[in-house]
Protein chains: 2
Amino acid sequence: MAPESQAQLSRRERQIMDVIYRLGKATAQEVRGNLPDPPSYSAVRALLRVLEEKGHVRHRQEGPRYLYLPTVARDKARRSALKQLLRTFFDGSAEAAVAALLDMSVDELSDEELERLAELIERTRQEGR
Amino acid sequence: MAPESQAQLSRRERQIMDVIYRLGKATAQEVRGNLPDPPSYSAVRALLRVLEEKGHVRHRQEGPRYLYLPTVARDKARRSALKQLLRTFFDGSAEAAVAALLDMSVDELSDEELERLAELIERTRQEGR
DNA sequence: AGCACGCTGCTAAAATATTAGCAGCACAGG
DNA sequence: CCTGTGCTGCTAATATTTTAGCAGCGTGCT
């Protein structure tokens with residue numbers, strides 16, 4: 001079963017998915033440790049089972065415990081998250097979003113990063129023809 | 001009461017907030033009309049009332065009905081949404097996020113937009129010194 | 001006036017999500 | 001061997017979300 005509309009997640013489920021995407025993979029304990037306002041261990045396991053039923057994660061036996069992985073590859077998930085964000089906050093405009101990103105991370109972006117971005121844009125312009 | 005951690009929203013509440021941010025402002029009917037899998041009108045109003053209690057929206061009397069507005073300005077909300085997205089999907093790297101944005105909207109970005117972005121980056125690099 | 005309409009507030013039921021706690025199983029150490 | 005530890009699966013209670021439905025209020029129309 002595929003993780004269809006993906007927006008059906010409850011609050012906790014979403015938090016858990018965020019952790020899993022952030023870490024790439026995680027055990028129940030790790031998930032719990034990365035959860036805001038951590039619930040009981042038991043609760044986390046229950047939620048992970050539900051998420052697995054719903055098809056958002058799968059697990060591998062890793063030694064004595066389960067290792068949970070997202071079923072949807074990170075970059076697919078990224079993509080739809082970005083799309084959603086664009087629609088909600090930027091009227092669908094990628095340009096506006098990029099501008100906001102640059103603006104909010106001026107101090108964090110190194111000169112090399114900016115350099116690379118400039119190149120990237122240049123390349124994108126070429127393709128656009 | 002301020003919309004503190006902001007991540008406390010339930011599924012429906014989040015959907016509603018998305019609509020309100022997208023539209024900027026909306027009546028209960030409009031919210032309902034923009035909701036996926038629209039619930040009853042009554043349900044929407046109940047949720048709006050809750051969101052107002054929690055401090056996420058406020059309302060104005062607009063003629064005979066209520067017009068709901070977000071309490072947190074769109075660009076503040078944007079910012080935290082972006083931050084969250086960056087953390088979850090891009091290891092906090094704005095560069096990676098911009099790259100993904102460009103990549104996923106190559107065909108939609110006009111040459112002028114790309115032009116503007118190039119300039120924007122150039123300007124950012126100046127400031128960075 | 002009397003009525004229909006579209007809105008609001010509210011409350012209580014139904015559906016879901018969230019949690020705790022018990023039982024079993026495997027493994028490592030005394 | 002026992003025993004403690006750390007996992008798992010499960011079930012049942014609790015809390016929260018989500019819903020429908022009723023009552024009231026104002027406006028405009030006949």
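In what follows, every chain begins at residue 1, and chains take the letters A, B, ... in the order their sequences are listed.
Salt-bridge check for Arg125(A) with Glu115(B): passed, with a basic side-chain N closer than 4.0 Å to an acidic carboxylate O. In summary, Glu13(A) and Lys54(A) engage in a salt bridge, as defined by a charged side-chain N under 4.0 Å from a carboxylate O.
As rounded to whole Å, 16 Å separates atom P of dT17(D) from atom CZ of Arg14(A). Note: CG (Leu67(A)) to C1' (dT8(D)) measures 15 Å, nearest angstrom. Taking atom CZ of residue Arg32(B) and atom C1' of nucleotide dG6(C), one finds them 14 Å apart after rounding to whole Å. Atom-to-atom, CD of Glu52(B) to C1' of dC10(C) comes out at 15 Å; the value is rounded to the nearest Å. Whole-Å rounding puts the Arg65(A) CZ to dT5(D) C1' distance at 11 Å. When the C1' atom of dG9(C) is taken as reference, atom CD of Gln61(B) falls 13 Å away, rounded to whole Å. To the nearest angstrom, C1' of dT17(D) lies 15 Å from CG of Leu48(B). In this structure, OH of Tyr68(A) is placed 12 Å from P of dC7(D), rounded to the nearest angstrom.
Arg12(A) meets the salt bridge (charged side-chain N to carboxylate O under 4.0 Å, His left out) test with no other residue; sequence neighbours excluded.
Put simply, Leu69(B) and Leu48(B) are part of two different groups of oily side chains (I, L, V, M, F, W, Y) that touch within less than 4.5 Å, one to the next.
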Produce a footprint string for nucleotides 16-30 of chain C: one letter per nucleotide, 5' end first; B if the base is under 4.0 Å from any protein heavy atom, S if only the sugar-phosphate is, - if neither. -SSBBB---------
Full working for side chain to side chain donor-acceptor pair (under 3.5 Å) between Gln84(B) and Ser80(B): CA-CA 6 Å; Gln84(B) 166 67 23; Ser80(B) 49; over 6 Å; no
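Residue pairs that meet the salt bridge (charged side-chain N to carboxylate O under 4.0 Å, His left out) test with at least one member in residues 90-102 of chain B, sequence neighbours left out, are Arg74(A)-Asp91(B), Arg116(A)-Glu95(B).
In terms of phosphate contacts, Gln29(A) brings no side-chain nitrogen or oxygen within less than 4.0 Å of OP1 or OP2 of dG6(D).
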